[in-house]
Amino acid sequence: MKTLHNHIILYDSECPMCKLYTSAFVRSGLLDVDGREAYQQYTGAACPSLDWQRAVNEIALVNKATGEVTYGVESLLKVCGNAVPALAPLFRWKPFLWMARKTYAFISYNRRVIVPAPVSESDFGYQPFFHIKYRIAWLVFAWLVTSLTLGAHPWLISGRTAQSVIAPELMLGAGHILFQAAVILLYQKHKTWDYLGNLMTISLGGSLLFLVCTMICVWFELGWYTSGICFLVITALMIRKHLRRCKLMGIGFLLTGTWILYRIVMVAVLLKIYS
């Protein structure tokens, strides 16, 4: 793979996900050893045309020789297209570019709820924009995938039809969002969207992990009790993650208490539905 020389990619030092993949670009030789820098520390003297707010919202790639700047998915495709020239025609295909831009924006505007970071205490003059359309899209996406994934559990265990389990899961998942939204609106209204984003990331991750464990239990015929133990371990892990994210957001323990309360009620409802 070819290295894109004399370029520097500007990443968000407060975003663990951004640090991870830009570091991978350097380690794999897609960029020079000095080909990445946090935009919080970048002086910009060599690139007076840099749009700082856009660079914060969409990762910027600066050509150090010419001062040319690309943003967002175009930056990533430029690095990858240089490394694998055979993919360059695909990266210029308009339908692919449209889909790539939408996917990038979906992830970028939700990056701090997908992989959490401490509340910024930096005096840097720019912060990522909040985009309500993409936050709602994340909540809907996580809700649907979580509900479908949890709905697959009784089907895998007992062979019950999907229609009999997915509808209740969709209702319970929607109720979970609305219940926690009501609490956070009364508690710390200004953090509602950040909290809901983090909440659904935890739900999504937990449901996928539970699905994997359930499939392993079914394939190896480990019995329902092993699946039950997995459920308890994953629930404990989710509570731990919820506590951590609430601490990072500075919202205390109340939301974790109501989260556990809803989970207890939900388990009771599910047992009644599937019994």
E74/R101 salt bridge by N-O under 4.0 Å criterion
yes

Consider only side-chain N and O atoms of W143 and S203, and report whether a donor and an acceptor are under 3.5 Å apart.
no

Should the pair R135 and F130 be classed as cation-pi, given the thresholds of under 6.0 Å to the six-membered ring centre and 45° from the axis?
no

Cationic N near anionic O, under 4.0 Å, K64 to D32
no

Counting heavy atoms not belonging to Y21, are there more than 12 under 6.0 Å from its OH?
yes

Please tell me whether F106 and F141 form a close aromatic pair, meaning their ring centres lie under 6.0 Å apart.
yes

Quick check on side-chain contact (heavy atoms from CB on, under 4.5 Å): which of L144, L150, T149 does T146 satisfy it with?
L150

With a sphere of 6.0 Å drawn around NZ of K241, does it hold more than 12 non-hydrogen atoms of other residues, nucleotides or ligands?
no

Step-by-step ring-ring contact (aromatic ring centres under 6.0 Å, His included) determination, Y195 to H242
CA-CA 10 Å; Y195 171 74; H242 192 274; 5.6 Å; yes

Would you say OH of Y104 has more than 12 non-hydrogen atoms from neighbouring residues, nucleotides or ligands within 6.0 angstrom?
yes

Rounded distance [0.5 Å steps], CG in L243 versus CG in L248
11.0 Å

Are the aromatic rings of F129 and Y109 close, with centres under 6.0 Å apart?
no

So among Q40, K19, Q127, which one has a side-chain hydrogen bond (donor to acceptor under 3.5 Å, both in side chains) with D12?
Q40

Taking the side chain as C-beta and beyond, is there a heavy-atom pair between V69 and D51 under 4.5 Å?
no

Non-hydrogen side-chain atoms of Q188 and M249 separated by less than 4.5 Å
no

Nearest non-hydrogen partners of R245 and I114, listed with the distance
NH2-O, 3.2 Å

